[in-house]
Amino acid sequence: MASVTRLLVGRVGSLAKASTAGNLRLYSSAPAYEFIKVDKAGEKSNVGLITLNRPKALNALCNGLMKEVSQALDSFEADKNVGAIVITGSEKAFAAGADIKEMQNNTYSQCILGNFLQDWTRVARAQKPVIAAVNGYALGGGCELAMMCDIIYAGDKAKFGQPEIAIGTIPGAGGSQRLTRVVGKSKAMEMCLTGDMITAQQAEQMNLVSKVVPADKLVDEAVKLGEKISKHSPLIVALCKEAVNAAYETTLAQGLLFERRHFHATFSTQDRKEGMTAFVEKRPPNFTSE
């Protein structure tokens, strides 16, 4: 939730330029944002791309930025042509933490009565799959934001951590909870109590990230993943995402029943019928989300 002060010292290099190699194509969107950039990517313009854009603050997460991310997600979720969403930052930093200056003078009563950070969970509530493409620092709130996403791809020089302990507080946007569920109690406790960072390679070994790629190829790879997901039925993708997420919040028996009922539910859809028919007929399916 908070960034290490020393990481915010010094000038920040320019944002990494999105590669135009492979199948990445960018399309500008209508709304104007102050703290993020919003585009569509991919050959069919079917992957939403949100780029955090506060370079002088290493993309520190302020309330304004998080509200804009929520607005962008609302827009992409309403767009039937978008099948998946990628969130990224710069090559220097995905997000180095929450904006300490913004929260520095908060009081306990203000946090309670204002339900501080409640609105930061929009990413975790997205119905469409969200992919975090993490380059550079993903610390505190940046690490928490990445963990709110469904899949994390990391550049080979990415760094992850929960350093809140160093500034007299604890994770507040899910760091202690999501991290523990992914990497286990011992490693999560070590990271949260020391504030130490881990490398992208360590994060992959701990199953915090799915894949590590060269930094300059990261956004391309994340978009390719989004395009692959977007080829499938949006309806079935949403059901599958719900089933996987249920594994984190239920017992095994409850999760198996939840999965089985969602499996049964697919048999009421035209997309399930089309998918199986296309397989038997050895042709590509034509999904309609019905």
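- When all heavy atoms of Ala72 and Val38 are compared, the closest pair comes out as CB-CG2, 3.9 Å.
- Shown here are the salt bridge (Lys or Arg N to Asp or Glu O under 4.0 Å) partners of Glu221, two or more places apart in sequence or in another chain: Lys211, Lys224.
- The hydrophobic cluster of Tyr248 has no other members, since no ILVMFWY side-chain heavy atom comes under 4.5 Å of it.
- Cluster membership check: Leu52 shares its hydrophobic cluster with Phe35, using side-chain heavy-atom separations under 4.5 Å among Ile, Leu, Val, Met, Phe, Trp and Tyr.
- Pro171 and Ser176 get closest at one heavy-atom pair: CB-N, 3.8 Å.
- Residue Met191 comes nearest to Gly161 through the heavy atom pair CE-CA, 4.1 Å, listed as atom of the first residue, atom of the second, then distance.
- Remark: the backbone N or O of Ala133 is paired with a side-chain donor or acceptor of Thr88 at under 3.5 angstrom.
- The list of ring-ring contact (aromatic ring centres under 6.0 Å, His included) pairs with a residue in residues 267-290, not counting sequence neighbours, reads Phe263-Phe267.
- With Glu68 contributing its side chain and Glu34 its backbone, the two residues share a donor-acceptor pair below 3.5 Å.
- For Lys187, the salt bridge (Lys or Arg N to Asp or Glu O under 4.0 Å) criterion is met by Glu190, not counting sequence neighbours.
- Note on Val182: it clusters hydrophobically with Val212, by side-chain heavy-atom contacts below 4.5 Å among ILVMFWY residues.
- Hydrophobic clustering (side-chain heavy atoms under 4.5 Å, transitive across Ile, Leu, Val, Met, Phe, Trp, Tyr) groups Val123 together with Phe116.
- A donor-acceptor distance shorter than 3.5 angstrom exists from the side chain of Thr250 to the backbone of Ala246, with no hydrogens or angles considered.
- The hydrophobic clustering, which links ILVMFWY residues whose side-chain heavy atoms are closer than 4.5 Å, places Ile165 and Leu179 apart.
- Annotation: side-chain contact (heavy atoms from CB on, under 4.5 Å) contacts of Ser230 (sequence neighbours excluded): Asn46, Val47, Ala84.
- For residues 124-134, every residue pair satisfying the side chain to side chain donor-acceptor pair (under 3.5 Å) rule, not counting sequence neighbours, is listed here: Thr121-Arg125.
- Nearest approach of Ala173 to Arg178, heavy atoms of both residues: O-NH1, 3.5 Å.
- A chain of hydrophobic side-chain contacts below 4.5 Å, direct or via other Ile, Leu, Val, Met, Phe, Trp or Tyr residues, connects Met66 to Tyr33.
- For residues 59-108, no pair satisfies ring-ring contact (aromatic ring centres under 6.0 Å, His included), with sequence neighbours left out.
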### Task
Give the C-alpha distance, both sets of side-chain angles, the deciding distance and a yes or no for side chain to side chain contact (heavy atoms under 4.5 Å, CB included) between Asn63 and Glu102.
CA-CA 8 Å; Asn63 284 327; Glu102 187 176 71; 3.5 Å; yes

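- For Arg283, the salt bridge (Lys or Arg N to Asp or Glu O under 4.0 Å) criterion is met by Glu274, Glu281, not counting sequence neighbours.
- For the pair Lys241 (side chain) and Ala126 (backbone), a donor-acceptor distance under 3.5 Å is present.
- Take Arg181 and apply the salt bridge (Lys or Arg N to Asp or Glu O under 4.0 Å) test, not counting sequence neighbours, and it matches no residue.
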### Task
Give the C-alpha distance, both sets of side-chain angles, the deciding distance and a yes or no for side chain to side chain contact (heavy atoms under 4.5 Å, CB included) between Leu139 and Met197.
CA-CA 8 Å; Leu139 305 178; Met197 293 183 289; 3.6 Å; yes

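- Contact between Ala93 and Leu58 at its shortest, heavy atoms only, is CB-O, 3.6 Å.
- With sequence neighbours left out, the side-chain hydrogen bond (donor to acceptor under 3.5 Å, both in side chains) criterion links Ser233 to Asp271.
- Cluster partners of Val244: none. The rule joins Ile, Leu, Val, Met, Phe, Trp and Tyr whenever side-chain heavy atoms lie under 4.5 Å apart, and it links nothing here.
- Listed for the Asn53 side chain is no donor-acceptor partner under 3.5 Å among the backbone atoms of Lys37.
- Leu61 pairs in a side chain to side chain contact (heavy atoms under 4.5 Å, CB included) with only one of the listed residues (Leu145, Val69, Asp99), which is Leu145.
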### Task
Kindly indicate, with the supporting measurements, whether the criterion side chain to side chain contact (heavy atoms under 4.5 Å, CB included) is fulfilled by Arg122 and Asp74.
CA-CA 9 Å; Arg122 175 65 178 85; Asp74 289 343; 2.9 Å; yes

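- Partners of Glu242 by side-chain hydrogen bond (donor to acceptor under 3.5 Å, both in side chains), not counting sequence neighbours, listed by chain and number: His262.
- For the pair Pro129 and Ile229, the tightest heavy-atom approach, listed with the atom from each and the gap, is CG-CG2, 3.9 Å.
- Counting only distance, with no hydrogens or angles, the side chain of Gln201 and the backbone of Asp156 share a donor-acceptor pair below 3.5 Å.
- Listed for the Asp150 side chain is no donor-acceptor partner under 3.5 Å among the backbone atoms of Ile131.
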